[in-house]
Enquirer: 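Can you keep this structure in mind? I'll have questions shortly.
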Amino acid sequence: MKALAARRHDRRAPVVLLLLALLLTGALYAVVAPTSADAAPAAATGDVETGEKLFQANCATCHGPDATGTQDVPSLVGVGAAAVDFQVGTGRMPMQMNGPQAQAKPVQFDEEQIAALAAYVASLGPGPAIPTAEQVDPALGDAASGMALFRTNCAMCHNAVGAGGALSQGKWAPNLWETTPTHLYEAMATGPQSMPVFNDATLTPDEKRDIIAFLDLQGEATPGGIDLGSLGPVSEGLWAWVVGMGLLIGAAVWIGARSS
(Lines give C-alpha, C1' and ligand atoms only; values in the text may rest on other atoms or scores of the structure.)
Protein backbone atom coordinates (compact mmCIF):
# COMPACT_ATOMS: atom_id res chain seq x y z
CA MET A 1 0.00 0.00 0.00
CA LYS A 2 2.86 2.35 0.77
CA ALA A 3 4.26 1.70 -2.70
CA LEU A 4 0.95 2.57 -4.35
CA ALA A 5 0.60 5.66 -2.23
CA ALA A 6 4.08 6.73 -3.27
CA ARG A 7 3.36 6.21 -6.99
CA ARG A 8 0.14 8.20 -6.69
CA HIS A 9 2.22 11.35 -6.99
CA ASP A 10 3.97 10.19 -10.17
CA ARG A 11 3.33 12.51 -13.15
CA ARG A 12 2.32 9.54 -15.28
CA ALA A 13 -0.40 8.42 -12.86
CA PRO A 14 -3.23 10.55 -14.39
CA VAL A 15 -2.43 9.26 -17.90
CA VAL A 16 -2.40 5.64 -16.70
CA LEU A 17 -5.68 6.13 -14.86
CA LEU A 18 -7.26 7.75 -17.94
CA LEU A 19 -6.21 4.83 -20.16
CA LEU A 20 -7.56 2.33 -17.65
CA ALA A 21 -10.85 4.23 -17.49
CA LEU A 22 -11.15 4.26 -21.28
CA LEU A 23 -10.42 0.54 -21.50
CA LEU A 24 -12.98 -0.20 -18.80
CA THR A 25 -15.61 1.98 -20.51
CA GLY A 26 -14.99 0.31 -23.87
CA ALA A 27 -15.25 -3.15 -22.36
CA LEU A 28 -18.52 -2.32 -20.60
CA TYR A 29 -20.01 -0.81 -23.78
CA ALA A 30 -19.08 -3.90 -25.79
CA VAL A 31 -20.93 -6.04 -23.27
CA VAL A 32 -24.12 -4.01 -22.80
CA ALA A 33 -24.51 -2.19 -26.15
CA PRO A 34 -27.57 -3.34 -28.16
CA THR A 35 -27.05 -4.95 -31.53
CA SER A 36 -27.29 -2.49 -34.43
CA ALA A 37 -29.92 -3.08 -37.11
CA ASP A 38 -27.16 -2.86 -39.71
CA ALA A 39 -25.61 -5.97 -38.27
CA ALA A 40 -28.81 -7.99 -38.38
CA PRO A 41 -28.80 -11.15 -40.42
CA ALA A 42 -29.85 -10.47 -43.99
CA ALA A 43 -32.51 -13.14 -44.29
CA ALA A 44 -34.46 -13.39 -47.55
CA THR A 45 -36.37 -16.29 -49.02
CA GLY A 46 -35.91 -15.58 -52.74
CA ASP A 47 -33.66 -17.27 -55.27
CA VAL A 48 -30.30 -15.49 -55.31
CA GLU A 49 -29.41 -16.64 -58.83
CA THR A 50 -32.74 -15.42 -60.23
CA GLY A 51 -32.34 -12.19 -58.33
CA GLU A 52 -28.90 -11.59 -59.85
CA LYS A 53 -30.32 -12.03 -63.35
CA LEU A 54 -33.12 -9.56 -62.59
CA PHE A 55 -30.62 -7.15 -61.12
CA GLN A 56 -28.33 -7.26 -64.13
CA ALA A 57 -31.30 -6.69 -66.47
CA ASN A 58 -33.02 -3.91 -64.53
CA CYS A 59 -30.73 -2.32 -61.95
CA ALA A 60 -27.11 -2.70 -63.07
CA THR A 61 -27.35 0.23 -65.49
CA CYS A 62 -27.52 2.66 -62.55
CA HIS A 63 -26.06 0.72 -59.62
CA GLY A 64 -23.29 -0.99 -61.57
CA PRO A 65 -22.89 -4.68 -62.45
CA ASP A 66 -21.47 -5.44 -59.00
CA ALA A 67 -24.00 -3.17 -57.21
CA THR A 68 -21.28 -0.95 -55.79
CA GLY A 69 -22.88 2.20 -57.18
CA THR A 70 -21.38 5.21 -58.93
CA GLN A 71 -20.64 8.81 -58.07
CA ASP A 72 -24.36 9.69 -58.29
CA VAL A 73 -26.01 6.37 -57.37
CA PRO A 74 -25.53 4.65 -53.99
CA SER A 75 -23.96 1.25 -53.49
CA LEU A 76 -26.34 -1.54 -52.55
CA VAL A 77 -23.75 -3.61 -50.71
CA GLY A 78 -24.95 -3.87 -47.11
CA VAL A 79 -28.36 -2.18 -47.56
CA GLY A 80 -30.07 -5.48 -46.82
CA ALA A 81 -33.20 -7.22 -48.07
CA ALA A 82 -35.52 -4.76 -46.29
CA ALA A 83 -34.29 -1.83 -48.40
CA VAL A 84 -34.94 -3.73 -51.64
CA ASP A 85 -38.36 -4.90 -50.50
CA PHE A 86 -39.34 -1.32 -49.63
CA GLN A 87 -37.90 0.44 -52.68
CA VAL A 88 -39.06 -2.10 -55.27
CA GLY A 89 -42.22 -3.12 -53.41
CA THR A 90 -43.52 0.47 -53.29
CA GLY A 91 -42.62 1.13 -56.93
CA ARG A 92 -39.94 3.69 -56.14
CA MET A 93 -37.39 1.52 -57.92
CA PRO A 94 -36.60 1.21 -60.74
CA MET A 95 -36.70 5.02 -60.59
CA GLN A 96 -38.99 6.52 -63.22
CA MET A 97 -36.94 9.66 -63.77
CA ASN A 98 -34.24 11.71 -62.12
CA GLY A 99 -35.47 14.19 -59.55
CA PRO A 100 -35.07 15.33 -55.97
CA GLN A 101 -37.01 12.31 -54.75
CA ALA A 102 -38.10 8.93 -56.13
CA GLN A 103 -41.88 8.74 -56.54
CA ALA A 104 -44.03 5.77 -55.65
CA LYS A 105 -45.68 4.32 -58.75
CA PRO A 106 -47.23 0.99 -59.87
CA VAL A 107 -44.94 -1.88 -58.87
CA GLN A 108 -42.99 -3.36 -61.79
CA PHE A 109 -42.18 -6.79 -60.31
CA ASP A 110 -44.28 -9.52 -58.69
CA GLU A 111 -43.68 -10.78 -55.16
CA GLU A 112 -41.39 -13.67 -56.20
CA GLN A 113 -39.22 -11.37 -58.29
CA ILE A 114 -38.98 -8.82 -55.47
CA ALA A 115 -38.02 -11.61 -53.06
CA ALA A 116 -35.35 -12.81 -55.50
CA LEU A 117 -33.93 -9.31 -55.90
CA ALA A 118 -33.90 -8.88 -52.12
CA ALA A 119 -32.13 -12.21 -51.67
CA TYR A 120 -29.46 -11.27 -54.19
CA VAL A 121 -28.75 -7.86 -52.64
CA ALA A 122 -28.78 -9.42 -49.16
CA SER A 123 -26.13 -11.89 -50.34
CA LEU A 124 -23.76 -8.98 -51.09
CA GLY A 125 -23.43 -7.92 -47.46
CA PRO A 126 -25.23 -7.91 -44.09
CA GLY A 127 -28.12 -5.47 -43.64
CA PRO A 128 -31.65 -5.15 -42.21
CA ALA A 129 -33.82 -8.15 -43.00
CA ILE A 130 -37.47 -8.12 -44.09
CA PRO A 131 -39.52 -8.07 -40.84
CA THR A 132 -41.74 -10.96 -39.86
CA ALA A 133 -45.55 -10.73 -39.71
CA GLU A 134 -45.38 -10.65 -35.90
CA GLN A 135 -42.96 -7.71 -35.93
CA VAL A 136 -45.36 -5.53 -37.95
CA ASP A 137 -48.72 -6.68 -36.56
CA PRO A 138 -50.45 -3.47 -35.34
CA ALA A 139 -52.72 -5.52 -33.07
CA LEU A 140 -49.65 -6.43 -30.97
CA GLY A 141 -48.44 -2.83 -30.65
CA ASP A 142 -49.25 -0.07 -28.14
CA ALA A 143 -50.84 2.82 -30.05
CA ALA A 144 -50.48 5.26 -27.14
CA SER A 145 -46.76 4.60 -26.90
CA GLY A 146 -46.55 4.75 -30.69
CA MET A 147 -48.17 8.20 -30.72
CA ALA A 148 -45.53 9.57 -28.34
CA LEU A 149 -42.72 7.95 -30.30
CA PHE A 150 -44.10 9.14 -33.64
CA ARG A 151 -44.49 12.74 -32.50
CA THR A 152 -40.96 12.72 -31.08
CA ASN A 153 -39.20 11.14 -34.06
CA CYS A 154 -41.41 11.50 -37.16
CA ALA A 155 -43.98 14.29 -36.82
CA MET A 156 -41.62 17.09 -37.85
CA CYS A 157 -41.67 15.70 -41.41
CA HIS A 158 -44.76 13.46 -41.68
CA ASN A 159 -47.17 15.68 -39.68
CA ALA A 160 -48.56 14.87 -36.24
CA VAL A 161 -50.92 12.22 -37.65
CA GLY A 162 -48.78 10.94 -40.53
CA ALA A 163 -50.57 12.96 -43.22
CA GLY A 164 -47.26 13.99 -44.80
CA GLY A 165 -45.77 17.39 -45.54
CA ALA A 166 -43.37 19.43 -47.66
CA LEU A 167 -39.60 19.36 -47.16
CA SER A 168 -36.82 21.54 -48.56
CA GLN A 169 -35.31 21.39 -52.09
CA GLY A 170 -38.42 19.98 -53.74
CA LYS A 171 -38.68 16.93 -51.49
CA TRP A 172 -41.67 15.84 -49.46
CA ALA A 173 -42.63 13.44 -46.70
CA PRO A 174 -45.39 11.15 -47.99
CA ASN A 175 -48.73 10.42 -46.37
CA LEU A 176 -48.37 7.19 -44.36
CA TRP A 177 -52.00 6.17 -44.04
CA GLU A 178 -51.95 3.77 -46.99
CA THR A 179 -48.44 2.41 -46.42
CA THR A 180 -48.40 -1.26 -45.41
CA PRO A 181 -47.09 -2.19 -41.94
CA THR A 182 -44.18 -4.10 -43.51
CA HIS A 183 -43.12 -1.12 -45.61
CA LEU A 184 -43.45 1.20 -42.58
CA TYR A 185 -41.10 -1.03 -40.60
CA GLU A 186 -38.66 -1.31 -43.50
CA ALA A 187 -38.64 2.47 -43.98
CA MET A 188 -37.73 2.99 -40.34
CA ALA A 189 -35.00 0.33 -40.50
CA THR A 190 -33.42 1.50 -43.77
CA GLY A 191 -34.08 5.26 -44.02
CA PRO A 192 -35.11 5.77 -47.67
CA GLN A 193 -34.61 9.13 -49.41
CA SER A 194 -34.27 11.96 -46.85
CA MET A 195 -35.47 9.84 -43.94
CA PRO A 196 -32.95 8.96 -41.21
CA VAL A 197 -32.28 5.35 -40.22
CA PHE A 198 -33.95 4.27 -36.98
CA ASN A 199 -31.92 1.19 -36.12
CA ASP A 200 -32.71 -1.02 -33.16
CA ALA A 201 -30.53 1.11 -30.90
CA THR A 202 -32.69 4.17 -31.68
CA LEU A 203 -36.12 2.54 -31.92
CA THR A 204 -36.42 -1.03 -30.71
CA PRO A 205 -38.49 -3.52 -32.76
CA ASP A 206 -41.32 -3.21 -30.22
CA GLU A 207 -41.24 0.60 -30.50
CA LYS A 208 -41.39 0.36 -34.30
CA ARG A 209 -44.47 -1.84 -33.94
CA ASP A 210 -46.02 0.69 -31.54
CA ILE A 211 -45.60 3.39 -34.20
CA ILE A 212 -47.23 1.09 -36.76
CA ALA A 213 -50.14 0.55 -34.35
CA PHE A 214 -50.58 4.33 -34.01
CA LEU A 215 -50.52 4.91 -37.77
CA ASP A 216 -52.98 2.07 -38.27
CA LEU A 217 -55.57 4.16 -36.41
CA GLN A 218 -55.03 7.33 -38.46
CA GLY A 219 -56.88 8.39 -41.59
CA GLU A 220 -60.12 6.52 -40.90
CA ALA A 221 -61.79 8.89 -38.44
CA THR A 222 -61.14 12.32 -36.95
CA PRO A 223 -61.76 12.25 -33.21
CA GLY A 224 -61.38 16.04 -32.94
CA GLY A 225 -64.02 17.05 -35.52
CA ILE A 226 -63.11 18.73 -38.81
CA ASP A 227 -59.46 17.98 -39.51
CA LEU A 228 -58.86 20.83 -42.03
CA GLY A 229 -56.48 18.60 -43.96
CA SER A 230 -54.66 17.32 -40.87
CA LEU A 231 -51.88 19.79 -41.59
CA GLY A 232 -51.27 20.60 -37.96
CA PRO A 233 -52.18 23.25 -35.38
CA VAL A 234 -50.66 26.14 -37.36
CA SER A 235 -52.92 25.71 -40.38
CA GLU A 236 -55.92 24.95 -38.21
CA GLY A 237 -55.20 28.06 -36.12
CA LEU A 238 -54.92 30.13 -39.29
CA TRP A 239 -58.32 28.93 -40.47
CA ALA A 240 -59.82 29.69 -37.06
CA TRP A 241 -58.29 33.19 -37.13
CA VAL A 242 -59.50 33.94 -40.67
CA VAL A 243 -63.02 32.68 -40.01
CA GLY A 244 -63.18 34.37 -36.61
CA MET A 245 -61.98 37.73 -37.94
CA GLY A 246 -64.42 37.46 -40.83
CA LEU A 247 -67.29 36.95 -38.43
CA LEU A 248 -66.19 39.87 -36.26
CA ILE A 249 -65.88 42.18 -39.28
CA GLY A 250 -69.25 41.04 -40.57
CA ALA A 251 -70.82 41.67 -37.17
CA ALA A 252 -69.25 45.15 -37.00
CA VAL A 253 -70.56 46.04 -40.47
CA TRP A 254 -74.02 44.77 -39.58
CA ILE A 255 -74.09 46.76 -36.32
CA GLY A 256 -72.91 49.89 -38.18
CA ALA A 257 -75.60 49.47 -40.82
CA ARG A 258 -78.29 49.05 -38.17
CA SER A 259 -77.23 52.13 -36.21
CA SER A 260 -77.24 54.38 -39.30
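Everything numeric here is computed off the predicted structure, so don't read it as measured data. In what follows, every heavy atom counts, from backbone to side chain, and hydrogens, waters and symmetry copies are set aside.
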Enquirer: For a 4.5 angstrom cut-off between non-hydrogen side-chain atoms, does L184 reach L215?
Expert: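 Answer yes - side chains close enough.
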
Enquirer: How long is the gap from CG on N153 to NE2 on H158, to the nearest 0.5 Å?
Expert: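 The distance works out to 11.0 Å.
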
Enquirer: If Ile, Leu, Val, Met, Phe, Trp and Tyr residues are connected whenever their side-chain heavy atoms lie under 4.5 Å apart, and connections chain through other members, are M95 and V73 in the same group?
Expert: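 Looking at the clustering, V73 is in a separate group from M95.
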
Enquirer: Do the non-hydrogen side-chain atoms of L176 and F150 ever get within less than 4.5 Å of each other?
Expert: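 Yes, close enough: below the 4.5 Å cut-off.
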
Enquirer: I'd like to know whether NZ of K105 has more than 12 heavy-atom contacts from other residues, nucleotides or ligands below 6.0 angstrom.
Expert: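 Yes, because the 6.0 Å sphere around NZ of K105 holds more than 12 heavy atoms from other groups.
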
Enquirer: Might you point out which heavy atoms bring N159 and G164 nearest each other, and give the distance in Å?
Expert: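 Minimum heavy-atom separation between N159 and G164: CB-O, 3.5 Å.
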
Enquirer: Of all residues at least two apart in sequence or in a different chain, which pass the side chain to side chain donor-acceptor pair (under 3.5 Å) check with D206?
Expert: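 Once residues adjacent in sequence are excluded, the partners of D206 under the side chain to side chain donor-acceptor pair (under 3.5 Å) criterion are R209.
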
Enquirer: For D142, what residues pass the side chain to side chain donor-acceptor pair (under 3.5 Å) criterion, not counting sequence neighbours?
Expert: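 Scan of D142 (side chain to side chain donor-acceptor pair (under 3.5 Å), adjacent residues dropped) gives none.
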
Enquirer: Might you point out which heavy atoms bring R92 and F86 nearest each other, and give the distance in Å?
Expert: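 Closest approach of R92 to F86: NH1-CZ, 3.8 Å.
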
Enquirer: Quick one: closest heavy-atom pair of V48 and S123, and the distance?
Expert: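 Residues V48 and S123, closest heavy atoms: CG1-OG, 3.8 Å.
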
Enquirer: Give every donor-acceptor pair under 3.5 Å between a side-chain atom in residues 58-67 and any protein atom, sequence neighbours left out.
Expert:
| from | atom 1 | to | atom 2 | distance (Å) |
| --- | --- | --- | --- | --- |
| N58 | ND2 | L54 | O | 2.9 |
| H63 | ND1 | P74 | O | 3.0 |
| D66 | OD1 | T68 | OG1 | 2.8 |
| D66 | OD2 | T68 | OG1 | 3.4 |

Enquirer: Compare every heavy atom of A160 with every heavy atom of R151, then report the nearest pair and how far apart it is.
Expert: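 That closest heavy-atom pairing would be NE-O, 3.3 Å.
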
Enquirer: Can you name the side chain to side chain donor-acceptor pair (under 3.5 Å) partners of H183, sequence neighbours left out?
Expert: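 Side chain to side chain donor-acceptor pair (under 3.5 Å) check on H183 returns T180.
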
Enquirer: Which value, rounded to the nearest 0.5 Å, describes the distance between S194 atom OG and Q169 atom CD?
Expert: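 If we round to the nearest 0.5 Å, S194:OG and Q169:CD are 8.0 Å apart.
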
Enquirer: If two hydrophobic side chains count as joined below 4.5 Å and joins carry through other members, does W241 share a cluster with L248?
Expert: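 Looking at the clustering, L248 is in the same group as W241.
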
Enquirer: Measure the CZ-SG distance between F198 and C154 for me, rounded to the nearest 0.5 Å.
Expert: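 Result: 5.0 Å between the selected atoms.
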
Enquirer: L238, M245: one ILVMFWY side-chain cluster at the under-4.5 Å cut-off?
Expert: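 Yes.
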
Enquirer: Quick one: ring-ring contact (aromatic ring centres under 6.0 Å, His included) partners of Y185, sequence neighbours excluded?
Expert: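 By the ring-ring contact (aromatic ring centres under 6.0 Å, His included) rule, Y185 matches no residue at all.
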
Enquirer: Atom CG in L167, atom CE in M195: separation rounded to 0.5 Å?
Expert: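 Interatomic distance, L167 CG to M195 CE, rounded to 0.5 Å: 11.5 Å.
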
Enquirer: Between CZ of F55 and OG1 of T50, what distance do you get to the nearest 0.5 Å?
Expert: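 The CZ atom of F55 sits 15.0 Å away from the OG1 atom of T50.
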
Enquirer: Say whether, by atom type as modelled, one donor and one acceptor occur between the side chain of W177 and the main chain of V161 under 3.5 angstrom.
Expert: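 Yes, the answer is positive, given that a donor and an acceptor are paired below the 3.5 Å cut-off.
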
Enquirer: Counting only pairs under 3.5 Å, give me each side-chain donor-acceptor contact of residues 106-117, with atom names and distances, residues two or more places apart or in other chains.
Expert:
| from | atom 1 | to | atom 2 | distance (Å) |
| --- | --- | --- | --- | --- |
| D110 | OD1 | E112 | N | 3.2 |
| D110 | OD1 | Q113 | N | 2.8 |
| Q113 | OE1 | D110 | N | 3.1 |

Enquirer: Write down the atom of V197, the atom of A189, and the distance for their closest heavy-atom approach.
Expert: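 Shortest heavy-atom contact: CG1-O, 3.4 Å.
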
Enquirer: Would the distance check show the side chain of K208 and the main-chain N or O of M188 forming a donor-acceptor pair, the cut-off being under 3.5 Å?
Expert: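 No: the side chain of K208 does not pair with the backbone of M188.
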
Enquirer: Could you tell me whether a side-chain N or O of Q135 sits under 3.5 Å from a main-chain N or O of T132, the two making a donor and an acceptor?
Expert: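 Yes: the side chain of Q135 pairs with the backbone of T132.
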
Enquirer: List the steps and the verdict of side chain to side chain contact (heavy atoms under 4.5 Å, CB included) for W172 and Q103.
Expert: CA-CA 10 Å; W172 70 94; Q103 299 184 30; 3.7 Å; yes

Enquirer: So which heavy atom on G78 is nearest to which on P128, and how close?
Expert: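 Answer, listing the atom of G78 first, then P128: O-CD, 4.5 Å.
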
Enquirer: In Å and rounded to the nearest 0.5 Å, what is the CG to CD1 distance from L149 to I211?
Expert: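 These two atoms lie 5.0 Å from each other.
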
Enquirer: Answer yes or no: is there a donor N or O on one side and an acceptor on the other, between the side chain of D216 and the main chain of I212, under 3.5 Å?
Expert: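 It does not hold such a pair.
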
Enquirer: Set out, in order, the CA-CA distance, both residues' side-chain angles and the distance that settles side chain to side chain contact (heavy atoms under 4.5 Å, CB included) for V79 and V121, then state yes or no.
Expert: CA-CA 8 Å; V79 302; V121 172; 3.6 Å; yes

Enquirer: With distance as the sole test, does E207 use its side chain to make a donor-acceptor pair with the main-chain N or O of T204 at under 3.5 Å?
Expert: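 Side chain of E207 to backbone of T204, a donor-acceptor pair under 3.5 Å: yes, one is there.
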
Enquirer: Applying a strict under-4.5 Å side-chain criterion to I, L, V, M, F, W and Y, I'd like to know whether V77 and V84 cluster together.
Expert: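 They do share one cluster, since a chain of ILVMFWY contacts under 4.5 Å joins V77 to V84.
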
